[in-house]
Visitor: 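Structure below; questions to follow.
Note that the structure is a prediction, hence the values are computed from the model and not measured. Throughout, residue positions are numbered sequentially from 1 according to the sequence presented.
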Amino acid sequence: MTTQGPNSPATGADNSGVGTLAWSNPDRVAASDDSKANASSTANVTTHYLKATNFGFSIPVGATVNGVTVEIERMTTNNTAARNTIDNIVKLVKGGVISGTDKADTVSKWPIADAYASYGGAADLWGLTLAYSDVNATDFGVAISANTTSDGTTINARIDHIRITIEYTAG
């Protein structure tokens with residue numbers, strides 16, 4: 001098998017397909033540079049999707065895609081029982097459509113300092129059929145939504161960087 005990546009997205013966008021809380025500055029997920037996308041609330045809410053696409057893959061024609069690993073560098077401003085952030089949904093974006101198996105960790109609280117969480121793997125296609133052309137497309141990527149818990153104090157869910165690695169076998 002051959003690996004390509006990790007690649008960063010060229011596009012980040014807020015997508016209202018789920019939740020009620022919008023992401024500000026969603027385009028800031030393109031680099032690990034402490035310039036973050038942010039969703040801020042004082043209530044128990046679910047965020048919109050933060051959708052990252054256009055990863056610039058160039059998997060060779062005829063290659064078989066074996067797996068997709070997504071890494072999301074995220075943090076929250078509080079990590080207590082009364083104020084915290086957890087994953088709601090983490091899915092791939094294929095053909096511009098949020099789809100596939102949900103890989104969210106709906107138990108673990110996000111840390112209060114930047115840290116990457118890994119989803120999928122070298123032999124995980126997220127319940128999808130993925131051709132080389134799918135992952136090479138500008139509308140391929142990943143979408144994440146989070147749940148925030150708050151006791152009335154402001155809590156921020158923040159994402160600094162998203163990257164994807166593709167495992168494939170040459171055709």
Side-chain angles (χ1 to χ4, degrees), residues 1-15 17-19 23 26-37 47-76 79 85-147 157-171:
M1 281 196 287
T2 306
T3 300
Q4 195 171 115
N7 287 13
S8 299
T11 307
D14 178 76
N15 178 296
V18 69
W23 290 92
D27 56 320
R28 292 186 178 174
V29 299
S32 179
D33 59 3
D34 291 329
S35 179
K36 300 172 176 69
T47 70
H48 287 173
Y49 284 116
L50 178 57
K51 186 176 171 182
T53 55
N54 199 7
F55 281 80
F57 288 109
S58 56
I59 306 301
V61 172
T64 300
V65 177
N66 300 309
V68 179
T69 302
V70 172
E71 296 170 287
I72 301 175
E73 185 181 17
R74 78 279 189 277
M75 65 159 296
T76 187
N79 187 342
T85 303
I86 60 171
D87 292 350
N88 177 48
I89 299 169
V90 179
K91 290 186 172 188
L92 291 183
V93 178
K94 177 184 174 185
V97 177
I98 298 167
S99 54
T101 303
D102 182 5
K103 299 292 179 174
D105 174 355
T106 58
V107 176
S108 302
K109 296 175 189 168
W110 289 14
I112 57 171
D114 283 348
Y116 282 99
S118 185
Y119 307 89
D124 190 340
L125 293 175
W126 299 57
L128 297 170
T129 301
L130 295 171
Y132 69 90
S133 55
D134 294 322
V135 299
N136 289 346
T138 58
D139 58 3
F140 173 79
V142 65
I144 181 169
S145 167
N147 287 318
R158 296 180 174 154
I159 297 179
D160 189 18
H161 186 221
I162 297 176
R163 59 191 183 192
I164 295 179
T165 301
I166 304 294
E167 291 279 345
Y168 67 93
T169 305

Visitor: Compare every heavy atom of F55 with every heavy atom of F140, then report the nearest pair and how far apart it is.
Guide: O-CD1, 3.7 Å
Visitor: Over all heavy atoms of both residues, which pair between D105 and S108 is shortest? Give the atoms and the distance, please.
Guide: OD2-OG, 2.7 Å
Visitor: Using only atom types and a distance under 3.5 Å, with no angle test, would you say the side chain of N54 pairs donor to acceptor with the backbone of T11?
Guide: no
Visitor: Quick check: do T101 and K103 have side-chain heavy atoms less than 4.5 Å from each other?
Guide: yes
Visitor: Rounded to the nearest 0.5 Å, how far apart are CD1 of I166 and OH of Y132?
Guide: 15.0 Å
Visitor: Is a side-chain N or O of D102 found less than 3.5 angstrom from the main chain of I89, in a donor-acceptor match?
Guide: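 The answer is no, because no donor-acceptor pair under 3.5 Å joins these two groups.
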Visitor: Has the side chain of N79 got a donor or acceptor atom that lies under 3.5 Å from a matching backbone atom of W110?
Guide: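 Here the side-chain-to-backbone pair exists.
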Visitor: I'd like to know if the side chain of S8 reaches the main chain of A31, judged simply by a donor and an acceptor atom lying under 3.5 Å from each other, with no hydrogens or angles considered.
Guide: no
Visitor: Between the side chain of Q4 and the main-chain N/O of F57, is any donor-acceptor distance below 3.5 Å?
Guide: no
Visitor: Any donor-acceptor pair under 3.5 Å linking the side chain of N147 with the backbone of I86?
Guide: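 Side chain of N147 to backbone of I86, a donor-acceptor pair under 3.5 Å: no, none is there.
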Visitor: Given side-chain contact (heavy atoms from CB on, under 4.5 Å), test L92 with L130 step by step and report yes or no.
Guide: CA-CA 11 Å; L92 291 183; L130 295 171; 4.1 Å; yes
Visitor: Of the options V142, I144, D14, I98, which is the one that meets Y49 in a side chain to side chain contact (heavy atoms under 4.5 Å, CB included)?
Guide: I98
Visitor: Which heavy atom of P9 sits nearest a heavy atom of I162, and at what distance?
Guide: CD-O, 3.0 Å
